[in-house]
Amino acid sequence: QVQVVESGGGLVQAGGSLRLSCVASGRTFSAYAMGWFRQAPGKEREFVGVIRWSTYYADSVKGRFTISRDNAKSTVYLQMNSLKPEDTAVYYCAVAPSSIRTPKTLAEFDYWGQGTQVTVSS
């Protein structure tokens with residue numbers, strides 16, 4: 001069982017920045033693919049980005065969001081810049097098994113955090 005805990009959400013003005021953190025337990029953190037998803041009110045949960053040895057992003061955040069990881073701290077980060085009101089959502093961190101190269105769908109991730117709220121005001 002892998003425990004996943006996100007932090008760092010909050011309220012920010014449009015154009016501002018925020019950094020989310022996600023800590024995952026487990027002895028093989030460096031082998032995990034770590035993904036970020038978000039879910040806005042009344043909408044389905046959607047893919048934001050993923051990191052294993054490289055990163056992959058949804059078109060809606062490409063160029064504004066950056067995912068990085070610190071394997072020594074078992075932590076992955078989501079740096080969000082140039083935030084827009086439409087980025088408002090609950091952001092979730094998720095862990096995918098090491099056998100999946102670039103997971104991007106909800107079904108490919110086995111462990112999820114509880115989510116952290118990000119609100120961008122206009």
Side-chain angles (χ1 to χ4, degrees):
Q1 188 76 8
V2 177
Q3 305 297 322
V4 184
V5 180
E6 308 99 334
S7 62
L11 174 64
V12 63
Q13 289 188 334
S17 298
L18 208 58
R19 189 178 80 157
L20 306 183
S21 300
C22 170
V23 178
S25 64
R27 298 179 181 178
T28 57
F29 176 84
S30 61
Y32 297 158
M34 301 295 297
W36 286 97
F37 288 76
R38 66 186 181 185
Q39 187 166 17
K43 295 188 176 181
E44 295 185 349
R45 193 170 299 189
E46 67 175 6
F47 173 78
V48 172
V50 64
I51 184 169
R52 190 189 293 279
W53 303 288
S54 58
T55 53
Y56 182 88
Y57 301 95
D59 288 343
S60 59
V61 306
K62 201 173 295 182
R64 300 188 299 122
F65 290 11
T66 302
I67 299 174
S68 61
R69 66 191 300 162
D70 184 339
N71 291 331
K73 297 181 178 180
S74 298
T75 301
V76 64
Y77 304 97
L78 178 64
Q79 177 66 44
M80 304 183 291
N81 298 328
S82 302
L83 282 162
K84 306 174 182 180
E86 50 263 44
D87 293 318
T88 295
V90 177
Y91 283 72
Y92 296 90
C93 179
V95 179
S98 58
S99 61
I100 302 175
R101 187 175 181 85
T102 310
K104 295 184 287 291
T105 67
L106 275 71
E108 293 175 312
F109 289 85
D110 281 358
Y111 304 100
W112 294 81
Q114 80 289 349
T116 185
Q117 176 71 45
V118 172
T119 302
V120 184
S121 63
S122 58

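Pairs passing the disulfide (SG to SG under 2.5 Å) check and including a residue from residues 18-99, sequence neighbours excluded, read Cys22-Cys93. Evaluation of the side-chain hydrogen bond (donor to acceptor under 3.5 Å, both in side chains) test over residues 14-27, restricted to residues two or more places apart or in two chains, returns Ser17-Asn81. A ring pair (Phe, Tyr, Trp, His ring centres under 6.0 Å) check over residues 64-109, counting only residues at least two apart or in different chains, returns the pairs Phe37-Phe109.
Contact of the Val61 side chain with the Met80 side chain is not registered, since no non-hydrogen atoms from C-beta on lie closer than 4.5 Å.
In terms of the side chain to side chain donor-acceptor pair (under 3.5 Å) criterion, Tyr32 has no residue partners (sequence neighbours excluded). For Thr55, the side chain to side chain contact (heavy atoms under 4.5 Å, CB included) test picks out Ile51, Tyr57, Ile67, with sequence neighbours left out. Residues passing the side chain to side chain contact (heavy atoms under 4.5 Å, CB included) test with Glu44: none are found, sequence neighbours excluded.
The two residues Val95 and Ala24 come nearest to each other via the heavy atoms CG2-CB, 4.2 Å. When all heavy atoms of Val4 and Tyr111 are compared, the closest pair comes out as CG2-CB, 4.0 Å. Of all heavy-atom pairs spanning Ala40 and Ala89, the tightest one is N-CB, 3.8 Å.
For the atom pair Phe29 CZ and Met34 CE, the distance stands at 4.5 Å (nearest 0.5 Å). One distance of note links CG of Leu78 with CD of Glu6; it measures 10.5 Å at 0.5 Å rounding. With values rounded to the nearest 0.5 angstrom, Thr102 atom OG1 is found 8.5 Å from Tyr56 atom OH. Within the model, atoms CD of Gln39 and CD of Gln117 stand 11.0 Å from one another, a figure rounded to the nearest 0.5 Å.
No chain of hydrophobic side-chain contacts below 4.5 Å, direct or via other Ile, Leu, Val, Met, Phe, Trp or Tyr residues, connects Val76 to Val50. Note on Val23 and Val90: separate hydrophobic clusters, where clusters join Ile, Leu, Val, Met, Phe, Trp and Tyr whose side-chain heavy atoms are under 4.5 Å apart, directly or indirectly.
Counted within 6.0 Å of NZ on Lys62, heavy atoms from surrounding residues, nucleotides or ligands total more than 12; the atom is thus considered enclosed.
Using modelled atom types, one side-chain atom of Thr88 and one backbone atom of Val120 make a donor-acceptor pair closer than 3.5 Å. A donor-acceptor pair is defined here as one N or O able to donate and one able to accept, closer than 3.5 Å; no such pair exists between the side chain of Gln114 and the backbone of Val5. Panel note: side chain Gln13, backbone Ser121; no donor-acceptor pair is recorded below 3.5 Å.
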_Criterion side chain to side chain contact (heavy atoms under 4.5 Å, CB included) on Phe47 and Glu108, from CA distance to verdict_ = CA-CA 11 Å; Phe47 173 78; Glu108 293 175 312; over 6 Å; no

